[in-house]
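All remarks here apply to the structure that follows.
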Amino acid sequence: MSIRARLGLARAWAGARSGAALPARALVGAGVGRRMLATVTSPAETGKSPTGVVFMNMGGPSKLDEVYDFLYRLFADGDLIPLGRFQEPLAKFIAFRRTPTIKHHYDEIGGGSPIRKWSELQAAETCKRLDELSPQTAPHKPYVAFRYANPLTEHTLEQMKADGVRRAIAFTQYPQYSCSTTGSSLNELAKVSKRLDPEGSIKWSVIDRWPTHKGLAQTFASNIRDQLETYPEAERKDVVLLFSAHSLPMSVVNRGDPYPAEVAATVWAVMEELGFSNPYRLVWQSQVGPSPWLGANTAKVVESYIERDQKNLVLVPIAFTSDHIETLHELDLEMIRDLGVPTVRRAESLNGHPMFIEALTDLVLQHLREDKLHTHQYTLRCPMCKSAACGESREFFANQ
Ligand code: FES
């Protein structure tokens, strides 16, 4: 299905939803940084080379026969799952062992992950809006770079070079920064760039986190309100909101990873949008293996509340911007379907929501206007970080 056709579906889906408009700031594209104008669009220098807007995420297998490769890359990533000097053989072994089960899970959600479809749509729509709002930096060309699935970072970079991109924005699609997610993607981008673009023909800057962006919080709030409307009015204000984020091993948390604090910041921003209308908790899902992970565990929290007769629960996936196996399988099937309690429900993911596209556009416009290489926070490494790659990637992005 073409991007245009998918967009049509997304618009139809989103059109049924309510939503206040983003602030006027979101629609103002005139304030683009001077350095950017000079370096990006001076026809004499660049011949209208496109501004690459690269949506970075972990990715997922679009087809069942991509599952093994996806799992292997995932477990081979020491930034995500540190397995020491046996990382590679262990990654092969674990991927081999888990492939049949994970394939079955993807089969149950339609034969693959929708994350590529949503990422391509979000990137294309964002660039379309950027062309309208920021002609100075147009054309804006959308790219997707995944850490563990196609299109991989290295293939996207090759395509960008072939397209004549000289200025690019690495735009993380994890709103909250973790060294396991955004950090890993940026480490990979820096490494691959040094190999495939040693002359540094592409100048990069980074949107490395955006946990409290107004449009992000507004879109979450809109989807939550829509789900709350499905409960009887007399019960609505007492429905418990369970904001669920992917957990982290405690070894990563104790290394000083900023993710738990940034996820909590998003939850707070969303609750402010809602006027703190409902009781809520932040909970953590997808823990695996015997080592300790950050909790409370989403499934156990849901079971515990049901046992206490608190059955009106709305799950809100708060740390991903589109549907993926952790929403469609872990929340929708393993928890909601298998529990069989009809008042346990889930807020929609952000996917192609028009408010979310405006939020993404606003983030890039702000970034262009501020003309920064990255946030100030990005430069500070975790206090217990021992990864050489973390230092090398910061040096790479500081020298753009
Ligand atoms: Fe956080 Fe290296 S692990 S900066």
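In this text the structure is predicted, and so the values were computed from the model without any measurement. Counting starts at 1 for both ligands and their atoms, following the listed order.
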Q) Who are the side-chain contact (heavy atoms from CB on, under 4.5 Å) partners of P211, not counting sequence neighbours? A) Q176, R209, E262, T266
Q: Verify the neighbour count for atom CZ of R85: are there more than 12 heavy atoms of other residues, nucleotides or ligands below 6.0 Å?
A: no
Q. Can you name the residues that form a side-chain contact (heavy atoms from CB on, under 4.5 Å) with T99, not counting sequence neighbours?
A. V67, Y68, L71, K103
Q) Heavy-atom count around K194 NZ within 6.0 Å, excluding the residue itself: above 12? A) yes
Q | For atom 1 (Fe) of ligand 1, every protein N/O/S atom that sits closer than 2.8 Å, waters excluded | A | C179 SG, C382 SG
Q | Residue pairs passing the side-chain hydrogen bond (donor to acceptor under 3.5 Å, both in side chains) test where at least one lies in residues 324-333, sequence neighbours excluded | A | E108-H329, Q285-E330, S286-E330, D323-T327, H324-E326, H329-E334, D332-R346
(Q) Can you confirm whether more than 12 heavy atoms, excluding those of R381, are under 6.0 Å from its CZ atom? (A) yes
